[in-house]
2 protein chains.
Amino acid sequence: MVRKVTINDLAQAAGTSVTTVSQILNGKGDRFSSDTRKRVLNLKVEMNYVPDFNARNLIMKSAQTIGVLVPNVGNPFFSELIKGIQAIARENQFIPIIFSSNHDAELEKYYIEKLVERSVSGLIIASSASTSEVIDEILKPNNIQYLLIDENTVETGDTVETDDYYGGQLAAQHLIDLGHQKIAMMISDDLTNNLRRRLEGFKDSCLKNKTEIFQIEAPMTKKGGYEAVADLVNLSGVTAIFTINDEMAVGVYRGLWERNLKIPEDFSLIGYDGIEWGEYISPKLTTIKQPIVEMGKKSAEVLLNRINNPKVKKQTVNLPVELVVRESTQRIRK
Amino acid sequence: MVRKVTINDLAQAAGTSVTTVSQILNGKGDRFSSDTRKRVLNLKVEMNYVPDFNARNLIMKSAQTIGVLVPNVGNPFFSELIKGIQAIARENQFIPIIFSSNHDAELEKYYIEKLVERSVSGLIIASSASTSEVIDEILKPNNIQYLLIDENTVETGDTVETDDYYGGQLAAQHLIDLGHQKIAMMISDDLTNNLRRRLEGFKDSCLKNKTEIFQIEAPMTKKGGYEAVADLVNLSGVTAIFTINDEMAVGVYRGLWERNLKIPEDFSLIGYDGIEWGEYISPKLTTIKQPIVEMGKKSAEVLLNRINNPKVKKQTVNLPVELVVRESTQRIRK
DNA sequence: TTGTAAGCGTTATCAA
DNA sequence: TTGATAACGCTTACAA
């Protein structure tokens with residue numbers, strides 16, 4: 001067992017006190033001679049000294065850590081989100097600990113407890129399995145900052161969101177502009193608030209234009225979209241499909257292909273999210289693009305700001321969505 | 001700021017010493033009266049006492065944490081791997097901290113340092129940017145267990161691997177069986193050891209069968225595969241393609257589609273990995289399937305066993321790969 | 001059956 | 001310019 005190099009060893013080697021070492025290593029060493037400073041700094045590298053995190057945090061009372069809870073890391077949307085969070089966390093010397101709760105309320109609670117035990121400074125929660133219960137029971141009593149995004153909405157507290165209502169409208173309007181009059185919407189069987197708004201935007205636009213809509217419910221996965229095609233083909237007269245996320249759209253591609261139905265000739269298809277994969281399937285997927293990485297970045301920024309500055313007033317970030325027309329939609333022709 | 005409840009507060013409230021509390025809460029309290037025990041246990045819940053992780057680990061010298069370093073969480077291969085690791089970690093009360101190093105050596109080193117600082121008990125490293133240097137400089141001196149998988153190979157130390165050489169052979173043999181005599185291989189411009197073996201298996205099988213092979217180098221991403229199609233179409237007489245991972249294959253689909261070339265009519269295509277997406281693109285991707293989640297599980301098991309049991313002899317796990325024939329390959333016809 | 005006290009590796013206060 | 005020393009909250013020998 002190799003003993004870890006401690007600050008004591010380093011001090012001894014440098015012929016100084018631990019105070020000196022600590023101060024110098026923490027950028028508070030102006031008062032020491034540049035000779036001492038150099039000696040300590042060199043020795044640190046040479047001896048490969050790494051401060052003990054537990055000891056440090058014990059006294060500092062901060063673990064420089066944020067927790068991140070997503071429903072599923074495998075979903076490209078969330079892996080991009082994580083990318084953004086990771087980048088900002090790093091800039092601020094924070095470490096994100098990421099968990100995939102898989103929509104399992106029990107698992108979600110378990111992980112949040114673990115995170116709290118480790119005295120994380122804050123949490124970004126993009127998974128909504130058991131949120132409000134957990135917040136009241138665990139987060140609030142322990143005074144832990146949190147930011148709810150994506151699947152959660154809050155009236156109070158900081159907010160980082162995209163305009164889902166407008167996004168829904170954009171999608172509908174695009175289809176309507178192309179002349180579609182009967183549209184199928186594939187939506188989750190378990191709608192979270194952001195999805196609900198997205199859907200409302202879509203529906204309202206259709207209503208205003210007297211466009212007929214059909215609703216198909218399925219899990220928001222490739223498999224869900226794939227299986228929902230069975231219902232889709234039973235609908236008569238439908239010429240366009242809106243899937244509430246891109247991943248479902250991928251399943252629809254497959255389901256249609258198996259039935260020898262063509263996109264966009266037989267069905268125009270528009271998704272939502274703007275994941276990278278949409279540019280690689282053929283035809284390329286028309287979609288409503290959310291600035292996913294940016295969402296991750298902003299989320300981390302807002303949370304960290306809240307952590308450093310608990311009294312700051314409600315922060316609100318609203319990110320734009322945009323229609324990206326690619327190849328999966330076209331003008332209707334009779 | 002709510003002050004956290006400490007063991008001292010709890011002891012005081014219970015009218016005992018901290019020792020008593022500590023022992024009882026850690027399941028070592030047999031010697032105390034059941035009355036005292038009950039009192040402490042109740043108070044713990046009542047006062048919402050959560051042991052301070054930093055203080056505890058400082059003295060226990062273990063953070064019940066493992067670090068996981070992957071090149072890219074966005075890649076479905078790695079997100080599935082993580083799924084497996086997470087499952088086993090949880091069973092063993094460990095927390096995995098996951099980082100995406102993006103093949104950036106500096107970033108990789110930075111994260112490993114952070115992980116070591118936090119006194120993780122061990123590391124699963126599936127990213128190879130700067131591994132050997134980091135191991136010698138950081139891991140070994142700090143006596144941290146590690147397991148290298150996927151992109152790394154080791155002669156010494158524990159091993160969890162799939163039979164890449166055999167997998168390569170399987171892929172080649174499938175194509176050969178279908179009558180292909182000129183095959184393009186799309187491979188990374190930066191081969192790691194597992195890939196090298198995979199490739200050797202493929203090449204050896206081709207050589208043995210006098211099958212002609214062409215080599216195209218590109219990044220192992222969708223984009224890489226997509227752009228490599230430009231080179232591919234310049235090759236004359238090629239009827240089949242082997243991409244060294246599934247993700248590249250996705251790019252190839254797109255590149256071919258844009259040139260009006262059909263899979264499998266114009267080119268048979270076989271990938272490697274067995275990610276879920278392969279079942280959703282059309283035609284479905286024929287591939288060599290690795291048991292990815294299982295790899296994650298085994299990796300975690302092996303590492304945790306090593307942590308609990310540093311003296312145990314070299315552990316070796318070899319996981320099977322298998323040919324999954326789907327729709328992207330077919331018998332050659334002239 | 002219970003408690004005292006040392007010690008984990010750090011940072012911070014204050015004296016030298 | 002530097003260094004003792006207390007403190008952080010916990011576990012654990014060792015006493016009682």
Side-chain angles (χ1 to χ4, degrees), chain A residues 1-41 43-44 47-65 93 116-119 121 142-143, chain B residues 1-41 43-44 47-64 114 116-121 142-143:
Chain A
M1 201 60 171
V2 187
R3 222 178 103 271
K4 254 182 89 165
V5 178
T6 75
I7 196 172
N8 240 305
D9 304 332
L10 183 46
Q12 213 142 36
T16 72
S17 76
V18 291
T19 307
T20 311
V21 176
S22 172
Q23 302 275 31
I24 290 176
L25 260 30
N26 288 307
K28 295 174 185 167
D30 310 347
R31 57 191 174 114
F32 299 101
S33 71
S34 78
D35 182 51
T36 317
R37 274 210 304 261
K38 237 179 250 161
R39 202 152 20 98
V40 169
L41 257 13
L43 239 24
K44 171 205 149 107
M47 300 175 70
N48 233 306
Y49 167 71
V50 181
D52 183 282
F53 178 81
N54 292 127
R56 173 178 218 164
N57 288 149
L58 174 56
I59 191 159
M60 308 271 278
K61 287 186 178 323
S62 152
Q64 295 284 103
T65 304
Q93 330 271 27
V116 171
E117 254 179 39
R118 282 161 193 253
S119 48
S121 313
N142 283 289
N143 202 40
Chain B
M1 202 60 171
V2 188
R3 216 177 109 273
K4 259 182 85 166
V5 179
T6 75
I7 196 171
N8 239 305
D9 303 332
L10 184 45
Q12 214 142 39
T16 72
S17 74
V18 290
T19 307
T20 311
V21 176
S22 172
Q23 302 277 33
I24 290 177
L25 259 30
N26 288 310
K28 297 173 185 168
D30 310 346
R31 57 192 173 116
F32 299 101
S33 73
S34 80
D35 182 51
T36 319
R37 274 209 304 262
K38 237 179 249 160
R39 200 152 21 100
V40 169
L41 257 13
L43 239 24
K44 172 204 148 107
M47 300 175 71
N48 232 306
Y49 168 70
V50 181
D52 184 284
F53 184 79
N54 292 129
R56 173 176 215 160
N57 288 149
L58 174 56
I59 190 162
M60 307 275 274
K61 289 186 178 323
S62 151
Q64 294 285 100
K114 288 293 153 201
V116 171
E117 256 178 38
R118 280 159 194 254
S119 49
V120 293
S121 312
N142 284 289
N143 201 40

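Because only heavy atoms are used, hydrogens play no part in the values below, and waters and symmetry mates are left out as well, while side chains stay in. Given the structure is predicted, the values throughout are model-derived calculations rather than measurements.
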In whole angstroms, how far is the [atom2] atom of [N] from the [atom1] atom of [X]?
X: B/Arg118; N: C/dT10; atom1: CZ; atom2: C1'; value: 15 Å
X: A/Asp30; N: D/dT2; atom1: CG; atom2: P; value: 13 Å
X: A/Asn8; N: C/dG7; atom1: CG; atom2: C1'; value: 12 Å
X: B/Asp52; N: D/dC8; atom1: CG; atom2: C1'; value: 8 Å
X: B/Arg31; N: D/dC14; atom1: CZ; atom2: P; value: 13 Å
X: A/Phe32; N: D/dG3; atom1: CZ; atom2: P; value: 8 Å
X: B/Ile7; N: C/dG3; atom1: CD1; atom2: C1'; value: 13 Å
X: B/Ile24; N: C/dT1; atom1: CD1; atom2: C1'; value: 11 Å

Between B/Thr20 and B/Arg37, a side-chain donor and acceptor under 3.5 Å: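 Distance-only check fails for B/Thr20 and B/Arg37.
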Think [X] has a side-chain N or O under 4.0 angstrom from the OP1 or OP2 of [N]?
X: B/Thr36; N: C/dT2; value: yes
X: A/Ser22; N: C/dT11; value: yes
X: A/Lys28; N: C/dA12; value: yes
X: B/Arg56; N: D/dG9; value: no
X: A/Lys61; N: D/dG9; value: yes

Quick check: does any side chain N or O of [X] sit under 3.5 Å from a backbone N or O of [Y], one acting as donor and the other as acceptor?
X: A/Thr19; Y: A/Ser17; result: no
X: B/Asp9; Y: B/Thr6; result: yes
X: B/Asn57; Y: B/Asn54; result: no

Trace of the side-chain contact (heavy atoms from CB on, under 4.5 Å) decision for A/Val21 with A/Thr16: CA-CA 7 Å; A/Val21 176; A/Thr16 72; 3.6 Å; yes
Out of [options], which has the shortest distance to the side chain of [X]?
X: A/Asn26; options: C/dT11, D/dT1, C/dT1; result: C/dT11
X: A/Ile59; options: D/dC8, D/dG3, C/dG3; result: D/dC8
X: B/Thr6; options: C/dT10, D/dG3, D/dG9; result: D/dG9
X: B/Ser17; options: D/dC10, D/dG9, C/dG3; result: C/dG3
X: B/Thr19; options: D/dT12, C/dT13, C/dG9; result: D/dT12

Contact nearer the 5' end of DNA chain C, comparing B/Gly15 with B/Ala55: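 Its nucleotide being nearer the 5' end, the pick is B/Gly15.
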Sugar-phosphate only, base, or nothing, as touched by B/Phe53 at under 4.0 Å among non-hydrogen atoms: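 No contact.
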